[in-house]
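Below is one structure; the comments refer to it alone.
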Amino acid sequence: MLPLCHYDERSALLQFKESIISGDFYAWKFDCRPTMASWKPEEGNVDCCSWDGVHCNKNTGHVIKLDLSHSCLFGSINSSSSLFKLVHLEWLNLALNDFNSSEIPPEIINLSRLSYLNLSGTSLSGQIPSEILRLSNLVSLDLSLNDVPDGRLELQKPSFVNLVEKLSNLTTLDLGDVSIQSTIPHNFANLSSLTFVSLRNCELQGRIPSSLGNLSKLLHLDLSLNELQGELPISVGNLHSLKELDLSANFLSSEWPISIGNLSSLKELDLSQNRFFGELPISMGNLGSLKELDLSQNGFFGELPTSIRNLFSLEKLDLSFNKFSGEFPWSTGNFSSLRLLDLRSCSFWGKVPHSIGNFTRLQFLYLGLNNFSGDILGSIGNLRSLEVIHIAKCNFAGQIPPSLRNLTQLFVLDLARNSFSGTIELDVLLTCWKNLEVLGLSLNRLSVLTKATSNTTSQKIQYIGLRSCNLTKFPNFLENQSHLVVLDLSDNKIQGKVPKWLLDPNMHNLNALNLSHNLLTGFDQHPVLLPGNIGDLVTFDLSSNNLQGPLPVPPLGTVNYLASNNSLTGEIPSWICNLNILESLVLSHNNLSGLLPQCLGNFSDELSVLDLQRNNFFGTIPNTFIKESRLGVIDLSHNLFQGRIPRSLINCSKLEFLSLGNNQISDTFPSWLGTLPKLNVLILRSNIFYGVIEEPRTGCGFSKLRIIDLSNNRFTGKLPSKSFLCWNAMKIVNTSELRYLQDVLSSYGQVTNNVLSTYDYSMTMSSKGRMMTYKKIPDILAGIILSNNRFVGAIPASIANLKGLQVLNLQHNNLQGLILSCLGNLTNLESLDLSNNKFSGRIPQQLVELTFLEFFNVSDNYLTGPIPQGKQFATFDNTSFDGNSGLCGKPLSKGCESGEAATNEDHTEGSEESLFSGASDWKIILTGYAGGLVAGLVLGFNFSTGIIGWILEKLGTQQKATRRRRRRRD
C-alpha cells in the first residue's frame, strides 16, 4: 500500500490554499482551471498525494512535485508562505497565476532540492533574490512574462554574470521580460548543457559574444526585443543542432550573416526589425529544413535568389518592408506548404501568375504596397483556407469574381487603391463571409451596390473602407454593425441626411468616421450627438459636404474634429472646452460666427491644428495660449477679428504656420514672434497694421521664416534691412526631395487606406500678378510680399542674400532710388513685382541672368534707358514696363537711340541678330521659361500658353529671315 502524504505537508498545502484566492478576476483568468478546488479533506479526501497538481515520492510519501499552473490563483506570496515548508519539492510550477506584484521571497532557498522552477506569468516584480542562485540543482528556470504595470522582475544585484557562474547545470533558461540591463557575459558559454535559451526583452546591450557558438547542444535561442548591436558572430554557425533562432527587434547590422547558412537543422529563423542589408545570397537555399522565415523590416535589396525555391518546407515567409527589386520567383510546387506569405512594401513588380491558385494551404496573403499587376482575384477564388487577403496599393485590375464567395473563412479583405472595376453586389458577398472583420474596397473603379434590406447581423465587421465607390446612399447593411471601429464612406455621392442609426448609442465602438466629400445636407437627429465611446480616441471628418445647422456634438474622447467646407452656422459652443485631448480642430469655410470661446488657447494640451479661416467670427482673439502649447498651425484668416495679436502666442514654441490675414486687427508689427523657433509662414495681409518695422536690436529673429505676407496694411518707414540678414531659411536654395508643409493627424485602423493621414497647410498669396491659392505649400517656396503699404527709401542690398527667394512683391509703395543690380543674385526668383513705386535709373542688365523669372513688373515708376534683352526678358510684354516714359527698346514700340541701345553680353551690340540669332538662343529662352513653368506647376497653378505661341511665332519669323539671307549669299 502506498504511504499517505505527511501531515505537515498536507497542512502546508491547505494553509497555502487559504492564503490564496481562487477566482476569475486575475491577469490570466481566461480558460484557467481552479486546481485547488479538489483539495477537500473535510470530505474524506485526506491523502494530499491524490490531490490535483500534487505528486509524491512513491517510497517516502513526501510531496516532490507541485503543478498549480494556470489555476486561477490571485494573492500575494511573502516570506511566511507555507509553500516554503515543502522542503522535499523537486519540481514547482506556478506559471500563469497572479501574485499581485509580489517579490520572490528569499525563503525560496528552503526549496534547495528544486531542479525545475517555473514562475512565468505570475505578476512578480522586484529584484530576483540571490537565494535563487543557491538552488544549485536547478536544471530548468523560467521567470519570464513578469512585466507588470507596477514593475518587472530585475536581475541586477545579483547580476546576469553571477547567475551564469552559479547555475551551471541549467538546460533551460527563460528570463524573457526580466530587466537585466547588461551585455551578454562572455562566460555564458559555461552553461554548456543549455538546450533552450530565451532572453527576450531583457534590455540587453552591446554585441553578441562569439563564445555563444560553443553552446553546441542549443536547440532554441531567442534574443529578440533588445538593444544588441553589431554583426552576428561567425561562431553562430557552429550551433548545428539549433532549430529556432530569433534575433528580431534589435540593432544588428551587417549583410546576410554567412554563418547562418551552416545551420541546416534550422526550422525557424527571425531576423526582422534590424538593420541587416545587402542582397540575399544563393546559400540561403541550403536551409532546406526551414518552416518559418521572417526577414521583414530590414534593408535587404536586389533580386531574390532563385535558390529560395529550395525552401520546400516553408510554411511562413515574411519579406515585408525591405527594398527588393525585380519579380518574385513564384513556383507553385516549391511553395505549396505556405500558410503565410507577406511581401508588403518590397518593390516587387510583375504579374502574379494564375498558379498562385495552387497554394492550397495558404491562410494569410499580404502582397500590398508593391507594383504587382494582373487579375489576381480570379486566381485565388478557390483558396478556401484564406483568412486574410491584403493586396492594397498595387496595380491589380479586373472584375470582382463570383468565386470569392468560396472564401468563407475570410476575416480581412483589403483591395484598396488598385484598379479593380465593375459592379459589386456587396450584400451577396457578405452573406458568405460570416467571419469578416475588415473590408477595404476604397479607391478602385468599383460601383458598390447594396440592397434595401440586409441580413448581416451575425457579422462583427470592425473596419469598412468604401471610399470612392460610387455610393449614392448609406449602405443598409451598416445599420446592424454595432462593432464598427472605422467607417470610411468619403468621396462618394451620398445625398440627404446622415441616418439616425449611425448616430445611435449602439455605435459606441466607433473610433473613426469619415463622411467627407459627399452631398450630405444634415442629420436625422437633433441635437446631433456624434457616436463614440467617451473613453476611446475618436476622429470625425465631415468636411466638404453641404451640412447646415449648428456644429454636431462630439464625444469627449474626440481627437480630430474636421468639418470644413460646409454651411454650418452658429457659434462655437462651450462644449469645445471639454475636449481636452483634441489634436485638430478644422472648421474653415463655413458660416460660423460669434465670439471665440476664451478657452480656445488652453482647453487641450494636445491641440496642434486650429483652422477657423473663412467664417464670420468677430471680437478679439483670446489671449489664453498656454505654455508648452503643441500648436503648429493657427489659421484665423478671413474673419472679422479686431484688436491686437494676443501676446500669449509667444507660448506656442512649436508654431510653424500663423495666418491672421483679412481681418480688422490693428497693431504694430509683432517682432516678438521672431523668437518662435519653428515659424515658417507668417501672413498678416489685409488688416490695419501700422508703423515702422523695427530692426532687431540684439540677436536675430524669424530664422526659419520662408513666407511673409504683410501686404495691404499701413506699414511705414524703410524696409527692414537687418531683418533680411536674419531670415536664414530664405538664404537656402532647397534642392532636396519636394515635400509639403503639413501636420500628421492621428490615424486609426489597420487597413492601408487609413481614414486620415495629414492636414496640408494652405494659403493664398499675391504672386506673378495674381492672387494664387496654394492648397499645398511646398517646403521649397520662399516669398516676401510687402505690397500696398507706405514703405519708403531704397531696396536694401541685404535682400540679395536671400538666394532661396522665389517671390518678391514690393508693388504700390513709395520706394525710390535705383533697382539694385545685386538682385541678379536671386537666381531662384520666379516673380519680381516692383511696380507703382518711385524707382529711377536703368533696369540692371544683371536681371537677365534670372533664368527662372516668369513674371516681371516695373510699370509706373521713373525708369529710363534701354530694357535689357535676351533670355527671360524676351518673354515679357509691354505691361511689364508701362508707365515709364524714359524706357526704350523691345517689347515697347519706342526704340532706343544708337548711343543707348541695349547691350547683351551674349551677342554683338546693335546687330540685327543680337536678339534672334538662331534656335540655340531660343533653347536658352525656352529652358529658362520651362524652369519657371515646372516650378510653377509644382506650386499649384498653370501658366498661359500665349507666351509659347509668341515665342514660336518670333522663332518662325527669324528662321524665314535666315533662309532669305542664305539665298542671297547663294
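Only a predicted model underlies this, so the values are computations on that prediction, with no experimental measurement involved. Computed over heavy atoms, backbone and side chain alike; hydrogens, waters and symmetry mates excluded.
Remark: D779 does not engage R739 in a salt bridge, criterion side-chain N to carboxylate O under 4.0 Å.
Counting only residues at least two apart or on different chains, no ring pair (Phe, Tyr, Trp, His ring centres under 6.0 Å) pair has a member in residues 617-649. For the salt bridge (Lys or Arg N to Asp or Glu O under 4.0 Å) condition, the pairs that include at least one residue of residues 638-660, sequence neighbours left out, are R644-D667, R647-D667. Residue pairs meeting the disulfide (SG to SG under 2.5 Å) criterion with at least one partner in residues 672-733, sequence neighbours excluded, are C700-C726. Counting only residues at least two apart or on different chains, no disulfide (SG to SG under 2.5 Å) pair has a member in residues 796-851. Contacts classified as disulfide (SG to SG under 2.5 Å) and involving residues 608-645 (residues at least two apart or in different chains) are not found. Pairs passing the salt bridge (Lys or Arg N to Asp or Glu O under 4.0 Å) check and including a residue from residues 613-628, sequence neighbours excluded, do not occur.
Annotation: side-chain contact (heavy atoms from CB on, under 4.5 Å) contacts of S347 (sequence neighbours excluded): none. Residues satisfying the ring-ring contact (aromatic ring centres under 6.0 Å, His included) criterion with F724, sequence neighbours excluded, are W727. Residues forming a salt bridge (charged side-chain N to carboxylate O under 4.0 Å, His left out) with D491 (at least two apart in sequence, or on another chain): R467. Under the salt bridge (charged side-chain N to carboxylate O under 4.0 Å, His left out) criterion, D833 pairs with no residue at all, not counting sequence neighbours. Shown here are the side-chain contact (heavy atoms from CB on, under 4.5 Å) partners of S831, two or more places apart in sequence or in another chain: S767, K768, V807, F855. For N837, the side chain to side chain donor-acceptor pair (under 3.5 Å) criterion is met by no residue, not counting sequence neighbours.
Formation of a donor-acceptor pair under 3.5 Å by the N861 side chain with backbone atoms of S859 is found in this model.
With contacts defined as side-chain heavy-atom distances shorter than 4.5 Å, the pair I707/L781 qualifies.
The aromatic rings of F669 and F702 sit tilted, their planes meeting at an angle between 30° and 60°.
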